[in-house]
Amino acid sequence: MTDEKTMIQIKDLTRYYKSGMGVVKALDGVSLKIEKGEFIAIMGASGSGKTTMLRILGLLDKPTKGEYTINNLNVVHLPEEERSYYRLTQLGYVFQDYALINEMSASENVYILSLMEGKSKKESISTAHEALVNVGLGDKGKRIPDQLSGGEKQRVAVARAIAKKPKILFADEPCANLDTHTSEQVLDVFKILNEKFGQTIVMVTHEAWHTKYVSRVIKLRDGKIVGDLRRRKN
Ligand SMILES: Nc1ncnc2c1ncn2[C@@H]1O[C@H](COP(=O)(O)OP(=O)(O)O)[C@@H](O)[C@H]1O
Ligand SMILES: [Mg+2]
């Protein structure tokens, strides 16, 4: 049973990949409940299934078997069209390579999704500005990605992801291309979003020091959960 505090519930989630060598059990029967307002780090060695799990949780891939509900909505069997609409309107993503459009300003990169959702340009620009302020880039909206540092680019990507006020923010190794100092700036932003706005965040990382920013650490090994540690009270 789920209740209104539950954001994510997965049961026996499994993802097999068929390859020339046979079947890879990338995710091997994972069950987990994530509450609203948690900041989760998914940790584990390379190949342990972190990205596979994040992609399934983010509705970017489907499990071979298992159950998955977000806010009590069964999302495994949603038709593809509804899944994409759900992704666009309800979920935010940050990837390690920022995925910004180089020809567009920071502000345009943030508000383009909102335009795609059918919002007016005026409303989109104002929401984008608010999101950029929340990641500490309120004064850099006019710059193009080339005029920003790696950490600033990643914060623009975070602003883009949060501008729609997503139910869940997903990040796959968001600091993989950043040095320690800029990683701290990005992680500080995640922490503030989580603590100030109650943003639910699921972040994949393999850096142990990143866990001091989060509220709970899930550890994967060979596609199974081998650790689940709460770090602070939400
Ligand atoms: N598209 C794919 N086809 C076949 N095997 C895959 C594919 N994606 C991932 N794998 C395998 O699944 C396992 C988990 O991969 P992944 O989820 O990317 O791990 P991590 O993100 O923890 O490094 C690995 O053994 C990997 O080689
Ligand atoms: Mg990965």
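For ligands, and for the atoms within them, numbers begin at 1 and follow the listed sequence. Side-chain atoms are counted along with the backbone in the values below, which use heavy atoms only and exclude waters and symmetry mates.
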*Do T52 and Y17 have side-chain N/O donor and acceptor atoms under 3.5 Å apart?*
yes

*asked:* Quick one about Q90 and K167 (side-chain donor to acceptor, distance below 3.5 Å, no hydrogens or angles considered), yes or no?
replied: yes

*Which protein residues have a heavy atom under 4.0 Å from ligand 1?*
Y17, V24, A26, A45, S46, G47, S48, G49, K50, T51, T52

_Contacts of the Mg ion (ligand 2) with protein N/O/S atoms, counting only those under 2.8 Å_ = T51 OG1

*Could you tell me whether K140 and E152 make a salt bridge, using a distance below 4.0 angstrom between a side-chain N and a carboxylate O?*
yes

_Nearest-0.5 Å distance that lies between atom OG in S124 and atom NZ in K164_ = 12.5 Å

*Residue pair D12 / S31, side-chain donor-acceptor N/O under 3.5 Å*: no

*Relative to each other, are the rings of Y93 and F170 parallel, tilted or perpendicular (30° and 60° limits)?*
parallel

*Charged N-O contact under 4.0 Å between K5 and E38*: no

*Salt-bridge test for E184 and K212: reply yes if a basic N is under 4.0 Å from a carboxylate O, no otherwise.*
no

*Can D228 and K219 be counted as an ion pair, charged N to O under 4.0 angstrom?*
no

